[in-house]
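Worksheet for the structure shown next.
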Amino acid sequence: MSRRAALRRAAVREWGPPAAAVRTALAERGARALALTLTATALTALVQLVQNQSWGYGPVRALGAVRAEDPFWSALLRTPLSLFVPALDLPVWGALAQILLVFGVAEICLGRWRTLAVAYAATLAGTLYARIGVALGPEAFLGLPASDARVVDTGPSAAVVALAVYVCHQRRARFTGALVVVAMVVEVLVKDNLAGREHLAAIAVVLAVCGVREWLGRRTPAPPRAGRRAPAIRTGRRPPAPGAGRRRSAQGLGAGGGGTRSGVPPMRSWNFRRGPAQRTSWW
């Protein structure tokens with residue numbers, strides 16, 4: 001087998017199931033299959049347009065910017081909108097392309113509400129890690145400097161990374177999932193900042209959820225396959241011998257053992273198994 005054919009087979013095995021699911025969903029439902037994705041993309045583009053205006057920067061920061069120094073409940077209320085607030089120092093087209101691709105595949109493969117739940121949980125994990133890391137300090141393991149308390153969170157990028165890993169686990173695209181994790185680790189090693197660490201926190205939460213799902217799936221017995229015959233239950237009785245029904249009919253007995261006898265004495269099967277000298281010793 002040539003190397004190109006082997007790579008093609010590996011690509012089909014890795015990306016074939018999600019690609020087939022996307023094609024089927026788009027063919028059956030069209031744009032309705034991407035309702036959440038299109039809404040998230042449009043909302044992110046709108047927020048980017050508004051926050052670049054002189055009159056819109058303040059309201060967007062007040063409603064959707066989350067920092068570690070903010071009060072906890074105030075930051076918790078801002079977290080849902082922070083999903084759609086892109087970073088100002090990065091090109092917005094990159095964030096829109098990531099949302100359109102990753103959210104789209106996740107919405108089709110996972111469902112609308114599960115996609116939204118995973119995205120929110122990943123963003124919340126990054127926000128909580130920033131608070132814990134700043135509280136621990138730079139000297140502690142996984143700690144953060146105090147200056148990171150004033151840095152705005154990552155926006156939609158943590159949700160995108162977490163959804164990519166979750167979909168890869170759900171569709172058994174292990175190589176792609178491992179590649180995403182390794183890329184995020186390399187990002188932190190090359191440029192250690194709050195955004196990269198929040199990505200790792202989101203990945204850690206998603207991997208924990210996947211591990212729990214795998215554990216629960218192993219404990220739950222699999223349902224019987226359709227079309228398989230249920231195993232016979234042994235009751236201790238022997239099945240009737242062939243021709244037993246005919247013998248009972250000849251004696252005038254019904255199927256349940258009742259009926260009217262013909263007047264002929266019943267047959268004693270044990271009596272016939274004995275010899276001629278022993279048959280009359282009992283009667």
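- With respect to Arg67 and Asp148, no salt bridge is recorded, no charged nitrogen being found less than 4.0 Å from a carboxylate O.
- At least one donor-acceptor pair under 3.5 Å links the side chain of Glu14 to the backbone N or O of Phe175.
- Between Asn52 and Gln48, some side-chain heavy-atom pair lies under the 4.5 Å cut-off.
- Judged purely by atom type and a 3.5 angstrom limit, Thr44 uses its side chain to pair as donor or acceptor with the backbone of Ala40.
- Here the side chains of Thr41 and Phe103 are not in contact, with every heavy-atom distance at 4.5 Å or above.
- Judged by distance alone, with hydrogens and angles left aside, the side-chain atoms of Ser82 form no donor-acceptor pair with the main-chain N or O of Ala65 at under 3.5 Å.
- Here the side chains of Leu81 and Val60 are not in contact, with every heavy-atom distance at 4.5 Å or above.
- Inter-residue side-chain proximity for Leu144 and Pro138 is flagged as unmet; no heavy-atom pair is nearer than 4.5 Å.
- Val188 has its side chain out of reach of Met184: every pair of non-hydrogen atoms, C-beta onward, lies at least 4.5 Å apart.
- For residues 186-205, the pairs satisfying salt bridge (charged side-chain N to carboxylate O under 4.0 Å, His left out) are Asp192-Arg197, with sequence neighbours left out.
- When atom types are taken as modelled, the side chain of Arg61 and the backbone of Gly56 share no donor-acceptor pair closer than 3.5 angstrom.
- Legend: salt bridge (charged side-chain N to carboxylate O under 4.0 Å, His left out) pairs involving residues 160-177, not counting sequence neighbours, sorted by first then second residue: Arg172-Glu214.
- When side chains are defined from C-beta on, Leu34 counts as touching Ile108, because their heavy atoms get closer than 4.5 Å.
- Looking at heavy atoms from C-beta onward, Leu7 lies in side-chain contact with Arg3 at the 4.5 angstrom threshold.
- Taking 4.5 Å as the limit, every side-chain heavy atom of Trp113 sits out of range of all side-chain heavy atoms of Leu36.
- Under the 3.5 Å distance criterion, the side-chain polar atoms of Tyr57 are left unmatched by any main-chain donor or acceptor of Val50.
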